[in-house]
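Working notes, beginning with the structure itself.
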Amino acid sequence: MSETQPLSELSPTDLAAFRDAQQTAYDALVASGLKLDLTRGKPSAEQLDLSDGLLSLPATTTTPDGVDARNYGGLAGVTELRAMFAELLGLELDQLSAQGTSSLTLMKDVLSYLWLKGGVDSERPWGAEEKVRFVCPVPGYDRHFTLLEWFGIEMVPVPMTDDGPDVDAVTALVADDPSFKGMWLVPTYANPTGQVTTQEVAERLASMPTAAPDFKIFWDNAYALHHLTAEETKTADIVSLAAVSGHPHRPVLFASTSKITYAGAGVAFVGGSRETVTWFHANLGLGSIGPDKVNHLRHLEFFGTPQGVRDHMDKHRELLAPKFAEVERILDERLGGLGVATWTHPRGGYFVSLDVLPGTASRVIELAKTAGVALTPAGSAYPYRRDPDDTNIRLAPSFPTLAEVTGSMEAVATCVLLAAAEKLLG
Ligand code: PLP
């Protein structure tokens, strides 16, 4: 039998022989006592080391515009750090606020304010609506979905395409139904599929008619600067696109340095129209007299300029790109041509999205677990953890060492092949 013949074309005898060979390989894996983990979309220790210069900063306690960073105040964050990231994210200074360490917290804050008070363009608080629904491109980021679930916001999935979310599906949902109040979107190197939302899709999302006057695009640009190749993909300028289409308050932007400096001690940003940022501060100000400006100043001194951030990201790329190449190599060599899986080829971000034969993702994850390789639980990338086809597996190669990536991916490939052969044999 040919090495690259699709498994579905094998005779029952050949397929049974193939299954037996995979079972033997799998038993050897189990016996080898692996202890590997491909679940963690977080920076490795080597990546964190790149930012250890932060530990001896700031060298001063006064910001360039003369503010004592140690004191209360400055709710919007240190001006010069905001200016640095405004440039990197394609915004004006007053369209961006710098806050604490987590953009996810800012997403929860924004949702809470919308829920309790409504937005700048709301007729009433979202919590006073009979029903609130969100459009959720899938597969997507699990924490986006669990956050909405916590609010009791109903999630309606739409597929991700190579150009971003399926914009025809989105426009059809939101046009006539005012219960659709918003959507998630990771526009650059999406989690987990790596897709980049094109300018054309962004334009359509910015300009589409929505029955809800206060429809929001939660534009989570977590991977804006996280390129895996020399090409620096530019994110569409959603704030300008929304402004020219007459929906200036539609996008709310999020970003952070979690995967630029320290995931546990970085700076997070929230942005949008000037009115949106003012609204955010008005709500935030009830519970804060200002963010950690010392950390802002530390980051400002560490990078110096926007180019300093880009140069720093090149160093991350040098550490990350070989791990992603290894994932691709093993998937290609072990699964290519067998018709049992497809996978993404991300040019940035933190994940590879693997689609296995429908009905086998949970089996692959279970097999891997028994063999000592932790994979993200089945269905995680879907609202309510329901992967309708049981097909998607998120692979996160950033945290393990290169040798661990090799070991885990060889194991994953064996599990995919065994589960596929089992399925095809029925
Ligand atoms: N948004 C996306 C799409 C992510 O993948 C992650 C982390 O994996 C986050 C947000 C978390 O960001 P932060 O660390 O700023 O809370």
Side-chain angles (χ1 to χ4, degrees), residues 37-44 47-48 51 54 77 81 85 88-89 96-112 134-148 150 155 160 164-165 182-197 216-228 233 235 238 251-271 280 291-292 295-296 299 309 313 316 320 324 344 346 348-353 376-377 380-383 392 394-400:
D37 193 336
L38 272 183
T39 65
R40 293 165 296 189
K42 57 185 191 180
S44 64
Q47 287 178 268
L48 297 170
S51 300
L54 286 171
L81 185 76
F85 277 85
L88 290 164
L89 296 169
L96 190 68
S97 177
Q99 294 296 320
T101 58
S102 165
S103 62
L104 195 59
T105 302
L106 297 175
M107 296 172 213
K108 189 176 172 208
D109 285 347
V110 168
L111 269 173
S112 304
F134 249 60
V135 181
C136 297
V138 294
Y141 177 37
D142 51 348
R143 287 177 186 272
H144 284 166
F145 303 148
T146 46
L147 179 56
L148 292 187
W150 183 72
M155 295 175 266
M160 274 301 264
M183 68 179 291
W184 288 114
L185 186 50
V186 182
T188 305
Y189 309 133
N191 174 355
T193 49
Q195 281 125 344
V196 176
T197 296
K216 300 280 168 250
I217 301 174
F218 277 58
W219 186 266
D220 177 3
N221 213 350
Y223 302 103
L225 308 168
H226 304 55
H227 317 290
L228 285 168
T233 302
T235 308
I238 191 71
V252 188
L253 279 67
F254 302 93
S256 77
T257 70
S258 288
K259 287 161 189 131
I260 297 176
T261 57
Y262 290 158
V267 181
F269 301 92
V270 54
F280 176 79
D292 180 349
N295 197 33
H296 292 183
H299 278 74
V309 181
M313 293 313 288
H316 281 287
L320 284 171
F324 279 81
T344 53
Y350 263 58
F351 304 101
V352 174
S353 180
T376 311
S380 298
Y382 293 79
N392 186 255
R394 188 186 84 164
L395 305 172
S398 61
F399 189 73

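When a ligand or atom number is given, it counts from 1 through the structure's own listing order. Heavy atoms only: backbone and side chains are in, while hydrogens, waters and symmetry mates are out. Model, not experiment: these values are computed from the prediction. Heads up: numbering here begins at 1 and tracks the sequence.
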Which residues satisfy the salt bridge (charged side-chain N to carboxylate O under 4.0 Å, His left out) test with Arg40, sequence neighbours excluded?
Asp37
Decide if the gap between the ring center of Tyr189 and the ring center of His227 is smaller than 6.0 angstrom.
yes
Residue by residue, ordered by chain and number, which ones reach under 4.0 Å of ligand 1 with a heavy atom?
Ser102, Ser103, Leu104, Met107, Tyr141, Val186, Asn191, Asp220, Ala222, Tyr223, Ser256, Ser258, Lys259
Does NZ or CZ of Lys216 fall inside the cone over Trp184's six-membered ring, less than 6.0 Å from its centre and within 45° of the axis?
no
With a 4.5 Å limit on heavy-atom distance, are the side chains of Leu104 and Phe254 in contact?
no
Identify the residue among Lys42, Lys259, His316 that makes a side-chain hydrogen bond (donor to acceptor under 3.5 Å, both in side chains) with Gln47.
His316
What is the distance from atom CG of Leu185 to atom OG1 of Thr197, rounded to the nearest 0.5 Å?
4.0 Å
